[in-house]
> 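Before I ask anything, let me first share the structure, which is written out below as structure tokens.
On a predicted model such as this, the values are computed, not experimentally measured, just so you know. Note that ligands are numbered from 1 as they come in the structure, with each ligand's atoms numbered from 1 the same way.
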Amino acid sequence: MRSMLILNGPNLNLLGTRQPEIYGSTTLSDIEAMCRAHGERIGVTLDFVQSNHEGVLIDALHAARRSKDGAILNAGAYTHTSIALMDAVRSAELPVVELHLSNIHARESYRHHSYISPVAIGLICGFGARGYTLAMDALFSHLEGFG
Ligand code: CA2
């Protein structure tokens with residue numbers, strides 16, 4: 001079994017309740033259920049965490065260093081602002097897949113820059129809720145050394 005942290009940043013607790021034209025109508029707990037079902041299929045256990053607080057996200061990455069094989073990070077708007085989160089990803093010394101529901105490169109220019117991309121093994125964006133299971137598959141493949 002592989003173990004993963006799926007970490008969600010600010011405002012993602014509102015998914016499915018507002019702005020469905022951008023973020024879809026699936027709630028974060030629907031996504032968690034999809035990820036848990038997918039984990040059972042591919043042999044992955046997971047912690048699924050959301051916080052609106054930068055320090056809590058950083059603490060979760062520090063804890064994952066010893067307990068997880070890798071992480072999937074949708075840092076929300078902290079993606080575009082947080083050097084602290086970038087440093088935490090780097091110091092976790094874990095493979096991290098950066099994830100966004102929306103295609104950040106097709107949106108406002110202030111969303112085009114990511115502090116997470118340089119320290120991530122790769123980026124999945126623009127596939128909505130399905131991106132979460134795509135990211136699990138990408139991280140799993142990376143951990144197993146496929147391709
Ligand atoms: O597309 C993504 O997943 C984002 O990480 C979502 C962030 C945004 O700041 C990033 O640029 C891209 C925003 C998450 C806010 O989610 C909401 C969901 C429903 C209603 C309001 C906010």
> Is there a donor-acceptor contact under 3.5 Å from the side chain of R36 to the main chain of L46?
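Flag set: sc R36 to bb L46 pair under 3.5 Å.
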
> Can you tell which of N13, T17, L12 makes a side-chain contact (heavy atoms from CB on, under 4.5 Å) with L15?
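The residue from N13, T17, L12 that satisfies side-chain contact (heavy atoms from CB on, under 4.5 Å) with L15 turns out to be L12.
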
> Pull out every atom of ligand 1 sitting under 4.0 Å from any heavy atom of L101, numbered as shown with elements.
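The atoms of ligand 1 under 4.0 Å from a heavy atom of L101 are 1 (O), 2 (C), 3 (O).
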
> With no hydrogens and no angle check, just 3.5 Å: does a side-chain donor-acceptor pair link R65 and H62?
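Absent: no donor and acceptor within the cut-off.
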
> When the ring planes of H80 and H100 are compared, do they come out parallel, tilted or perpendicular, using 30° and 60° as the limits?
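If you compare the ring of H80 with that of H100, the planes turn out parallel.
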
> How far is atom 8 (C) of ligand 1 from the closest protein heavy atom, and which atom is that?
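Going atom by atom, the protein heavy atom closest to atom 8 (C) of ligand 1 ends up being R111 NH1, 3.2 Å.
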
> Is a donor on one side and an acceptor on the other found under 3.5 Å between the side chain of D30 and the backbone of T27?
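The answer is yes, because a donor-acceptor pair under 3.5 Å joins these two groups.
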
> Give me the atom names and distance for the closest heavy-atom approach of E54 to Y78.
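Of all heavy-atom pairs spanning E54 and Y78, the closest is N-OH, 3.5 Å.
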
> Short list, please: which atoms of ligand 1 are under 4.0 Å from a heavy atom of L14?
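Reading through ligand 1 atom by atom, the close ones are 19 (C), 20 (C).
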
> Which of the numbered atoms in ligand 1 are under 4.0 angstrom from any heavy atom belonging to A77?
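Those qualifying, in numeric order: 9 (O).
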
> Who gets closest to atom 11 (O) of ligand 1 by heavy atom: H80, R18, E108, Q19?
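Selected option, by shortest heavy-atom distance: H80.
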
> Are any of the N or O atoms of N74 closer than 3.5 Å to those of ligand 1?
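Such a contact does occur with ligand 1.
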
> Report the member of I116, T81, I104 with the shortest heavy-atom distance to atom 12 (C) of ligand 1.
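Ranked by closest heavy atom to atom 12 (C) of ligand 1, first place is I104.
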
> What's the shortest distance from atom 15 (C) of ligand 1 to any protein heavy atom, and which residue and atom give it?
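For atom 15 (C) of ligand 1, the nearest protein heavy atom is N11 CB, 3.6 Å.
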
> If you count the non-hydrogen atoms of other residues, nucleotides and ligands that lie under 6.0 Å from CD in E40, is the total more than 12?
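No - once you tally the heavy atoms of other residues, nucleotides and ligands closer than 6.0 Å, there are 12 at most.
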
> Just to confirm my output: which protein heavy-atom neighbour is closest to atom 4 (C) of ligand 1, and how far is it?
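Its nearest protein heavy-atom neighbour is H100 ND1, 3.7 Å.
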
> Considering only heavy atoms, does I22 approach ligand 1 within less than 4.0 Å through its side chain, its backbone, both, or neither?
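Within the 4.0 Å criterion, I22 makes no contact with ligand 1.
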
> Nearest heavy-atom pair of C125 and N103: which atoms, and what distance?
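Taking every non-hydrogen atom into account, SG-OD1, 3.8 Å.
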
> Please confirm whether T79 comes under 4.0 Å of ligand 1, counting heavy atoms of the residue only.
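Outside the 4.0 Å threshold, so no.
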
> Who's the nearest protein heavy-atom neighbour of atom 1 (O) of ligand 1, and how far?
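Protein heavy atom with the smallest distance to atom 1 (O) of ligand 1: S102 OG, 2.5 Å.
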
> Which heavy atom of the protein is the closest neighbour of atom 13 (C) of ligand 1, given with residue, atom name and distance?
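Here the nearest protein heavy atom works out to Y23 OH, 3.3 Å.
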
> Testing the basics here: between N52 and P10, what is the closest heavy-atom pair and its distance to 0.1 Å?
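That would be OD1-CA, 3.3 Å.
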
